[in-house]
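Structure record follows, encoded as structure tokens.
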Amino acid sequence: MAMANLANLVPADSVKHYQDWIARLNAVPTVIDQIIGVLRQGEKDKLMPPKFLLEQVVVQCRSLAKVPGMQNPFAKPLAKFPKTILPAEQQRLRAAMIAAVNTKVRPAYRKLADFIATDYAPAGRTEAGIWALPNGKALYRYLVRTRASTEMSPDQIHQLGLDQVAKIEKEEAVIARKLGFQDLKSFRESLKTDPKLYPTSREEILDLFRKYVAQMRPELPKLFGTLLPKAHVKVLPIPRFEEKGADVAEYFPGTPDGSRPGIVYVNTGNYRHRSMIMFEDIAYHEGIPGHHLQISIAQEIPGLPPFRKHLHITAYIEGWGLYAEQLGKEVGFYQNPYSDFGRLNGDLERCIRLVEDTGINWDHWTRERAIQYFHAHSGLGDPIVQMEVDRYMVLPGQALAYKIGELKFLELRKRAKEKLGSKFNIRAFHDEMLNAGPLPLDVLDARTNEWIARVKAGKDTTEP
């Protein structure tokens, strides 16, 4: 599915760009063959994902293989040609792209679907956790260290998650009582049936996300100094062929030169069942001051090597996104108590991840136990809960990065305030957090200590 996403991102404003995309389409069979080769090696090494999740991949591949010609997601650039391309050229490019889709892309995805269904999925593991693989526990420790950028043990992370879940549920209960409910459980139940909390159209979802992104932009100078990015951000719907398996929203970076804006893709599918209470915090997380701000700033830092600008340190990037959600609270947003509850519920979800990722991949939790725990501590619907739990099974350690990263940003902010006293400036602190691009958390920690020392000595020249 990731390759199909490229059709939404590649430039399509010249004959050369169309020819480049057609060349990519003609190379898809080679890519699929390489993927199958890697999967065969994984099967030999007994490094297999869960069987029932592989069966879902078959469905996705067949869906891409089924759609012909211009209706196929890979043919998206044909939807509208720029006026600078002459009609005769348009006809030639259209024919070439449709031929590539029908004779190269679709057969390649059929081949991948057949391979997974017949050869690969039957060998998938039956246990939920990575612990079941050869040397699985050592592998999980490695993934925790690299994906969450921490030396904490799985047991320590599991306990941290339990503690954080209890803490946030107490805060949620306060809001529930203020709204007239006796306890958190009854309030959560009410959220499932309250019609005013659910959109009446796809457009209402997009309008809300655009509203939240727009209202945050003028507040940024209160929180940041000289590092406001030039790049703009747009809110668009996730392509419909992706809706079923997609999250609520996701961010795609723009280009460093600003020719393509950053995009917050929002899932508007099945809209009648999408609670609006978490839209505000997700908008800040994915847009500004979250992913769009952080990633755009990194891309625009002068003199930074390209690999540093585009480095993906999950704990830093997602930790900043979660930290950014609470910045909306600090500038006076989340005025609606339901949105404020949604903010807490989003934070709670990240804390549940600490419990469940370690539970599944370290403590031998079953998928069913993880689903039950999630339902007991959140008001999320069953499809979202199942999708979350499945994520921990196929990406062990990744889901830990959000809360661990956010806690590190909060720790560094507290340390800076305590050590700098009246010299502490929130705008300068945030600039320092972002002005070197994504960093491992231990490097960010050391860098912050150096910055604190410079400010104390009166030698920092970056303060706004």
Side-chain angles (χ1 to χ4, degrees), residues 148 164 168 171 205-217 219-220 223-224 228-229 231-238 246-254 261-268 274-298 312-336 338-354 378 380 384 387-388 391 395 398-410 413 430 433-434 438:
Q164 289 289 317
I168 294 174
E171 296 179 43
I205 296 177
L206 296 173
D207 288 344
L208 281 171
F209 269 84
R210 288 165 180 153
K211 167 192 168 185
Y212 295 134
V213 170
Q215 74 181 18
M216 177 58 78
R217 183 171 288 278
E219 303 298 323
L220 294 180
L223 300 169
F224 302 89
L228 297 182
H232 294 291
V233 60
K234 295 174 67 175
V235 175
L236 297 174
I238 284 175
D247 209 339
V248 179
E250 56 186 337
Y251 176 72
F252 278 80
I263 300 172
V264 176
Y265 280 112
V266 179
N267 195 337
T268 61
R274 294 191 178 276
S275 173
M276 296 187 289
I277 66 170
M278 291 176 63
F279 288 179
E280 184 169 3
D281 73 286
I282 294 173
Y284 302 149
H285 181 112
E286 302 292 343
I288 53 177
H291 289 333
H292 175 70
L293 183 77
Q294 178 264 305
I295 292 172
S296 297
I297 284 174
H312 192 88
I313 305 292
T314 306
Y316 176 96
I317 292 171
E318 296 297 351
W320 177 264
L322 184 51
Y323 173 80
E325 293 177 22
Q326 77 156 26
L327 294 181
K329 182 79 170 174
E330 293 181 23
V331 296
F333 295 139
Y334 301 105
Q335 289 296 313
N336 184 319
Y338 286 93
S339 268
D340 202 24
F341 184 87
R343 173 186 64 85
L344 288 172
N345 215 45
D347 198 0
L348 179 66
E349 180 184 336
R350 279 49 167 256
C351 299
I352 291 173
R353 288 174 177 176
L354 302 181
S378 84
L380 296 177
I384 296 177
M387 185 173 66
E388 274 288 319
R391 168 183 179 167
L395 285 173
Q398 192 271 351
L400 306 176
Y402 296 69
K403 191 62 183 179
I404 289 175
E406 183 223 19
L407 289 174
K408 173 56 72 173
F409 281 110
L410 291 172
R413 176 171 166 172
H430 286 153
M433 292 299 98
L434 301 182

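Counting from 1, the numbers follow the sequence of the chain as shown. Quantities reported herein were computed from a predicted structural model and do not represent experimental measurements.
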Exercise. Would you mind reporting whether Leu434 and Trp320 have side-chain heavy atoms less than 4.5 Å apart?
Key: yes
Quiz item: Which atom names give the shortest non-hydrogen contact between Asn267 and Ile205, and what distance separates them?
Solution: O-CD1, 4.2 Å
Practice problem: Decide yes or no for Leu344 and Leu348: does some side-chain heavy atom of the first lie under 4.5 Å from some side-chain heavy atom of the second? | Solution: no
Quiz item: Aromatic ring centroids of Phe409 and Tyr316 under 6.0 Å?
Solution: yes
Quiz item: Roughly how far, to the nearest 0.5 Å, is the NE2 atom of His430 from the OH atom of Tyr323?
Solution: 2.5 Å
Self-check item: Atom pair CD1/NZ of Ile352 and Lys403 - distance to nearest 0.5 Å
Solution: 11.5 Å
Quiz item: Which one of Gln294, His292, His285 satisfies the side-chain hydrogen bond (donor to acceptor under 3.5 Å, both in side chains) criterion with Tyr251?
Solution: His292
Practice problem: To the nearest 0.5 angstrom, please state how far the CZ atom of Arg343 sits from the CG atom of Asn336. | Solution: 12.5 Å
Quiz item: What class does the angle between the rings of Tyr284 and Tyr212 fall in, given that below 30° is parallel, 30 to 60° is tilted and above 60° is perpendicular?
Solution: perpendicular
Exercise. Taking the side chain as every heavy atom from C-beta outward, state whether Val233 and Arg217 have any atom pair closer than 4.5 Å.
Key: yes
Practice problem: Please tell me if the side chains of Asp247 and Met387 come closer than 4.5 Å, counting only heavy atoms from C-beta onward. | Solution: yes
Practice problem: Give a yes or no on whether a salt bridge exists between Asp347 and Arg350, defined as a side-chain N under 4.0 angstrom from a carboxylate O. | Solution: no
Quiz item: Salt bridge between Lys329 and Asp281, side-chain N to carboxylate O under 4.0 Å?
Solution: no
Quiz item: Can you name the closest pair of heavy atoms from Val235 and Val213 and give their distance?
Solution: CG2-CG2, 4.3 Å
Quiz item: Taking all non-hydrogen atoms of both residues, which atom of Leu322 and which atom of Tyr402 are closest, and how far apart?
Solution: CD2-O, 3.7 Å
Exercise. Supply the atom-to-atom distance Met216 CE to Leu327 CG, rounded to the nearest 0.5 angstrom.
Key: 7.0 Å
Quiz item: Do the non-hydrogen side-chain atoms of Leu410 and Gln326 ever get within less than 4.5 Å of each other?
Solution: yes
Exercise. Considering non-hydrogen atoms only, spot the tightest contact between His291 and Gly321 and give its length.
Key: CE1-CA, 4.1 Å
Quiz item: Closest approach of Glu325 and Tyr334, non-hydrogen atoms and distance?
Solution: O-OH, 2.8 Å
Quiz item: From Met278 CE over to Ile384 CD1, what is the distance, rounded to the nearest 0.5 angstrom?
Solution: 8.0 Å
Practice problem: Of all the heavy-atom pairs spanning Ala249 and Phe209, show the shortest one and how long it is. | Solution: CB-CE2, 4.2 Å
Self-check item: Gln398 CD to Thr314 OG1 distance, which is reported to the nearest 0.5 Å
Solution: 5.5 Å
Quiz prompt | Salt bridge present between Arg353 and Glu406 (N-O < 4.0 angstrom) | solution = no
